[in-house]
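Proteins come first, then strands; the chains are lettered A, B, ... in the order of their sequence lines, and each starts at number 1.
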Amino acid sequence: MEETKQIHAHVIKFGFGSEVYAVNSLLHVYASSGSIEAARLLFDQVAERDIVSWNSMVDGYAKCGKMEAAYEFFKNTPTKNVISWTTMISGYVGAGMYKEALDLFQEMQLEGVEPDKVALASTLSACSYLGALDQGRWIHAYIDKTGIVIDPILGCALIDMFAKCGDMEEALRVFKKVKKREVSLWTSLIYGFAIHGRGGEALDWFENMQKAGIKPNHVTFTAILTACSYSGLVDEGKSLFESIERVHKLRPRIEHYGCMVDLLGRAGFLEEAKGLIEQMPVKPKAVVWGALLNACRIHKNVELGIKIGKLLVEEDPDHGGRYVHLASIHAAAGEWERAVETRRQMKERGVSKLPGCSAISLDGVIHEFLAGTKSHPQAKQIYRAWDSIAERLEKEGYKPALQNLLLDLDDEAKEMAITQHSEKLAIAFGLLRTKPGTTIRIVKNLRICEDCHTVTKLISKIYDREIVMRDRTRFHHFKDGKCTCGDKW
DNA sequence: CTAGGGTTAG
């Protein structure tokens with residue numbers, strides 16, 4: 001501490017010709033290496049500070065997750081420039097506070113600060129996460145209007161935004177328009193096709209990329225392997241995985257193994273997937289086991305599922321989703337007591353689970369629905385709308401899948417809980433507020449549940465509506481009673 | 001001379 005202060009005193013005194021430049025250089029080093037306390041010490045010690053010093057402090061606090069402190073510095077910055085705003089916006093994105101990022105972008109413009117390509121790229125990333133297509137489109141139009149050149153990074157962010165907001169055709173148009181097609185541009189396009197279950201096109205573009213003389217990197221391989229996995233292209237995936245080392249002279253990484261476990265597991269080759277985990281050159285992370293667990297759920301391998309579920313809970317006792325997963329597998333095996341016990345354990349340890357949340361955007365306004373709450377101002381009307389939908393579904397032979405619920409509730413309470421899943425509320429709202437024939441687009445923060453998936457397929461048929469739902473990892477396009485995920489998700 | 005950006009397995 002004293003030593004650091006003395007070093008600072010020297011830097012301040014002798015600088016590199018100019019004090020503030022020297023101080024800022026050091027602030028930047030501190031801020032980008034996580035030594036925020038040292039940065040703070042120096043910041044408080046100096047007599048002269050400029051905009052760069054303030055921006056570095058904001059960046060430093062944001063990068064170590066101290067968002068209140070970051071915002072405090074941002075707020076107190078005397079004359080903010082576009083970099084101040086962008087630092088705070090990307091800080092929010094890094095912290096997963098996407099809505100705050102979009103709000104700040106709006107505020108920046110109200111303050112008369114013109115966004116540049118860096119500000120736009122950061123904000124686009126927030127749009128991607130939120131599925132905020134309207135805001136994303138606005139940025140695209142702004143880029144066209146102002147003539148900002150779409151460089152590879154901005155292009156990558158734009159393509160990713162259109163893909164994650166469900167508009168692959170626009171993603172493709174952006175791709176074709178960009179002059180400088182670096183590997184990242186191809187990669188975001190391929191990943192886009194992957195999450196939409198359009199594996200064939202992903203493979204086509206992977207081939208086009210190589211014909212254009214662009215070499216795939218490790219990110220490209222996660223994209224193309226994901227594409228194979230989500231589209232059930234087992235042989236293609238195996239051959240690509242094998243080519244990483246043999247043809248492309250890259251070392252397969254843990255995420256590539258993860259993709260392969262997912263691919264094999266999804267396709268029903270559970271033993272082969274397990275074998276791959278066991279022969280991995282690096283210690284498999286929880287996500288890899290998570291992929292196999294998901295495969296156990298899809299293919300109803302209860303025995304293996306329980307084994308893995310227990311392993312994951314032990315490894316990650318603060319992760320609520322793990323308990324929920326394990327409990328659901330116990331329940332699927334008819335072991336109600338164990339299911340209840342698992343939930344009780346979770347409660348005892350004070351572990352909480354992220355609540356399910358679905359969002360639907362109408363006329364540029366994002367409406368959010370939290371599972372089991374009446375938080376929306378039109379909640380009453382929406383619940384009534386759902387009741388009438390449920391009535392119609394039941395006439396078609398639908399019965400709520402209570403066995404998939406693992407709560408210690410009686411049947412009536414279970415049904416209440418399941419009908420209050422956020423995606424159902426969002427669909428009810430969508431049917432209520434859009435004209436017949438309009439596609440309903442919903443974004444969910446977690447994975448869609450099996451019952452909701454069944455219901456949505458039925459609704460797409462009965463109400464003759466296309467419903468596009470993005471869950472935590474991929475898209476489901478519901479049409480005529482079918483879903484593009486092929487019921488494997 | 002010093003500060004801000006994108007894509008990545010569940």
Chemist: From the options dG4(B), dA9(B), dT8(B), select the nucleotide whose nearest atom is closest to the side chain of Lys164(A).
Modeler: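 Side chain of Lys164(A) sits closest to dT8(B).
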
Chemist: Strictly below 4.0 Å, heavy-atom distances to any atom of DNA chain B: list the hits from residues 122-129 of chain A, or just say none.
Modeler: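 The stretch gives Ser122(A), Ser125(A) as the residues lying under 4.0 Å from the strand, ordered by number.
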
Chemist: Regarding Phe74(A), tell me which of base, sugar-phosphate or nothing describes its non-hydrogen contacts under 4.0 Å with the strands shown.
Modeler: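 No contact.
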
Chemist: Not counting sequence neighbours, which residues clear salt bridge (charged side-chain N to carboxylate O under 4.0 Å, His left out) with Lys80(A)? List them please.
Modeler: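 Testing Lys80(A) for salt bridge (charged side-chain N to carboxylate O under 4.0 Å, His left out), a comparison that skips the adjacent residues, returns none.
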
Chemist: Nearest to the side chain of Ile254(A) - dA9(B), dT2(B), dT7(B)?
Modeler: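 Selected nucleotide (nearest to the side chain): dA9(B).
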
Chemist: Does a distance-only test, which skips hydrogens and angles, find a donor-acceptor pair under 3.5 Å between the side chain of Asn81(A) and the base of dA3(B)?
Modeler: yes

Chemist: Looking only at side-chain N and O atoms, does Tyr30(A) come under 4.0 Å of OP1 or OP2 in dT2(B)?
Modeler: no

Chemist: Considering every strand and a 4.0 Å limit on heavy-atom distances, what is the contact class for Leu263(A): base, sugar-phosphate, or nothing?
Modeler: nothing

Chemist: For the side chain of Asp160(A), starting at C-beta, report the closest nucleotide among dG10(B), dT8(B), dA3(B).
Modeler: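 Nearest listed nucleotide: dT8(B).
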
Chemist: Let's see if you can work this out: which of dA3(B), dG4(B), dA9(B) has an atom nearest to the side-chain heavy atoms of Val118(A)?
Modeler: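 The answer is dG4(B), which lies nearest to the side chain.
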
Chemist: Does Glu245(A) have any side chain to side chain contact (heavy atoms under 4.5 Å, CB included) partners at least two apart in sequence or in another chain, and if so, which?
Modeler: Pro252(A)

Chemist: Could you list the residues that satisfy side-chain hydrogen bond (donor to acceptor under 3.5 Å, both in side chains) with Tyr323(A), not counting sequence neighbours?
Modeler: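 Tyr323(A) satisfies side-chain hydrogen bond (donor to acceptor under 3.5 Å, both in side chains) with Arg349(A) only.
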
Chemist: Quick one: list whatever passes side chain to side chain contact (heavy atoms under 4.5 Å, CB included) with Arg40(A), sequence neighbours left out.
Modeler: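 Listed in chain order: Asp44(A), Met57(A), Tyr61(A), Phe73(A).
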
Chemist: Kindly write out the residues that satisfy salt bridge (charged side-chain N to carboxylate O under 4.0 Å, His left out) with Glu278(A), not counting sequence neighbours, or none if the list is empty.
Modeler: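 In terms of salt bridge (charged side-chain N to carboxylate O under 4.0 Å, His left out), with neighbours along the sequence ignored, Glu278(A) is linked to Lys274(A).
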
Chemist: Just how far, in rounded Å, is C1' of dG5(B) from CG of Leu185(A)?
Modeler: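 Leu185(A) atom CG is separated from dG5(B) atom C1' by 14 Å.
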
Chemist: How many whole angstroms separate atom CG of Leu312(A) from atom P of dG10(B)?
Modeler: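 Taking atom P of dG10(B) as the reference, CG of Leu312(A) is at 15 Å.
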
